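Comments concern the structure below.
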Amino acid sequence: MEMHRWMMLIRRMAGATIGLALLWYCAGSRCIDSVSAQTTATGQAQRPTSTPYKGDLSIFEYPDRDEKLHVDRVMDLLGIVPGRAVADVGAGSGWFTVRAAARVGAGGVVYAEDINPEAIDYITKRASREKLENVRPVLGTVDDTKLPAKSVDAILILKTYHEMARPIPLMEKLRLSLRPGGKVGIIDRNGDGTDHGIMPDVVEREMAQAGFKRVGMYDFTKSDGQDYFLIFEVK
């Protein structure tokens, strides 16, 4: 009789354990569904990123930056010539904007996009001061650059891709702003996302998900080998 009571107790305990396991599993399944729903809603689950810079914008204007980044070669590879329309995404101080504006001339246009209102104000004043009538400042958002549809021939994302928390939906929107045959150039440095850098294979994978294919890869943009320059076109 005593043995019978012990056996019944063990069975009840086993049943309770199985019930808790099933409850945990179901809760986990709902959690997974929730994460999947969030990923679907935003286009991408968040990955590690660096905090966007909001300090003194003049730090980007150091004297030998043109030489270190070989900016003329960058523009050559992106097909930036007189009369073209260009976008500087994450423009910051407008360092690349003013160089692209000089290259495309009066018959071209340069959209200087940034999500930081202070950067847009800085570029607006700079364009006025330097009489750059072909510069169009654009205040974007985290998920949308707000560039007009089919408006640009070339886009450069200079050292800001690692700050983009949801690049796939952003690049999907950006793709719509390209004209046929347009190119997207991304210059960044090797890193884990949190250290103001991101590995090129991560960039290439995300761009592929957004509908792009890589057509060029270069390492001339910095002599220490940490920077890279990728070029993409629409698939």
Side-chain angles (χ1 to χ4, degrees), residues 38-47 49-55 57 60 74-75 78-80 83-101 103-104 107-128 130 132-188 198 203 206-212 230-235:
Q38 182 181 3
T39 302
T40 301
T42 62
Q44 180 184 12
Q46 286 198 350
R47 59 156 168 77
T49 58
S50 301
T51 302
Y53 180 77
K54 292 187 177 180
L57 293 172
F60 300 113
V74 167
M75 288 193 285
L78 290 175
I80 298 175
R84 291 296 178 91
V86 179
D88 182 5
V89 172
S93 68
W95 180 86
F96 177 70
T97 295
V98 299
R99 285 151 180 81
R103 175 71 77 99
V104 301
V109 62
V110 180
Y111 296 95
E113 185 274 348
D114 207 289
I115 63 172
N116 180 1
E118 293 180 5
I120 295 301
D121 183 57
Y122 187 99
I123 292 170
T124 300
K125 291 176 180 176
R126 181 174 187 175
S128 176
E130 299 182 24
L132 301 174
E133 296 181 0
N134 58 353
V135 170
R136 307 283 185 272
V138 179
L139 180 62
T141 66
V142 172
D143 293 317
D144 191 351
T145 60
K146 302 297 184 179
L147 295 172
K150 299 185 185 304
S151 62
V152 293
D153 302 294
I155 296 168
L156 182 65
I157 302 173
L158 177 58
K159 301 293 188 72
T160 54
Y161 191 92
H162 59 262
E163 297 177 356
M164 298 174 180
R166 295 190 299 277
I168 294 172
L170 179 62
M171 293 301 110
E172 287 174 337
K173 287 284 186 65
L174 190 68
R175 190 182 71 217
L176 301 177
S177 68
L178 280 172
R179 292 172 177 168
K183 291 180 171 62
V184 177
I186 297 176
I187 297 177
D188 221 298
I198 188 166
V203 177
E206 292 174 346
M207 290 295 283
Q209 289 179 259
F212 290 90
L230 306 177
I231 298 179
F232 297 89
E233 292 181 353
V234 176
K235 288 181 180 178

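The first residue in the sequence is number 1, and the count goes up from there. Computation of the quantities below employed the complete heavy-atom set of this structure, encompassing side-chain atoms and omitting hydrogens, waters and symmetry-equivalent molecules. Since this is a predicted model, take the numbers as computed values, not measurements.
Going from atom CG of Asn116 over to atom CD of Glu113 covers 10.5 Å, rounded to the nearest 0.5 Å. Between the CG atom of Leu147 and the NZ atom of Lys173 there is a distance of 11.5 Å, given to the nearest 0.5 Å. Taking NZ of Lys150 as the reference point, atom CG of Leu176 lies at 7.5 Å (rounded to 0.5 Å). With values rounded to the nearest 0.5 angstrom, Leu158 atom CG is found 7.0 Å from Asp88 atom CG. Atoms CD1 and OG, on Ile123 and Ser128 in that order, are 13.5 Å from each other to the nearest 0.5 Å. Summarising the geometry, atom NZ belonging to Lys159 is positioned 9.5 Å from atom CH2 belonging to Trp95; distances are rounded to the nearest 0.5 Å.
Checking side-chain atoms of Thr141 against main-chain N and O of Asp144 turns up a donor-acceptor pair under 3.5 Å. A donor-acceptor contact shorter than 3.5 Å is absent between the side chain of Arg175 and the backbone of Val234. A donor-acceptor pair is defined here as one N or O able to donate and one able to accept, closer than 3.5 Å; no such pair exists between the side chain of Asp114 and the backbone of Ile120. In this structure a side-chain-to-backbone donor-acceptor pair under 3.5 Å is present from Arg103 to Ile80.
By the 4.5 Å heavy-atom criterion applied to side chains, Thr145 and Tyr111 are not counted as neighbours. Looking only at side-chain heavy atoms (C-beta outward), Met164 and Glu206 stay at 4.5 Å or farther from each other. Contact annotation: the side chain of Thr97 never approaches that of Arg126 to less than 4.5 Å [non-hydrogen atoms, C-beta and beyond]. The side-chain heavy atoms of Val110 and Phe96, taken from C-beta on, include no pair separated by under 4.5 Å. Side-chain contact between Arg166 and Asp143 is present, with heavy atoms from C-beta onward closer than 4.5 Å. Here the side chains of Leu174 and Ile157 are in contact, with some heavy-atom distance below 4.5 Å. Counting only heavy atoms from C-beta outward, the side chains of Val152 and Val86 never approach each other to under 4.5 Å. Counting heavy atoms from C-beta outward, Leu156 and Ile187 have side chains that approach closer than 4.5 Å.
Checking each of Val184, Leu78, Val74 against Ile231 for a side chain to side chain contact (heavy atoms under 4.5 Å, CB included) leaves exactly one that passes, namely Leu78. Only one option out of Thr49, Val203, Ile186, Asp188 pairs with His162 in a side chain to side chain contact (heavy atoms under 4.5 Å, CB included); it is Asp188.
Looking at every heavy atom in both residues, Ala101 comes nearest to Asn134 through O-ND2, 3.0 Å. Taking each heavy atom of Ile155 and Leu178 in turn, the nearest pair found is CD1-CD2, 3.7 Å. Of all heavy-atom pairs between Gly92 and Ala119, the closest is O-CB, 3.5 Å. Closest of all the heavy-atom pairs between Met207 and Met171 is SD-CG, 3.5 Å. The nearest pair of heavy atoms linking Lys146 to Gly140 is CG-CA, 3.9 Å. Across all non-hydrogen atoms, the minimal contact from Glu233 to Lys183 is OE2-NZ, 3.3 Å.
Within a 6.0 Å radius of CD in Glu130, more than 12 heavy atoms belonging to other residues, nucleotides or ligands are found.
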I'd like to know whether Leu230 forms a side-chain contact (heavy atoms from CB on, under 4.5 Å) with Phe212, so could you lay out the CA-CA distance, the side-chain angles of the two residues, the decisive distance to 0.1 Å, and finally the verdict. CA-CA 12 Å; Leu230 306 177; Phe212 290 90; over 6 Å; no
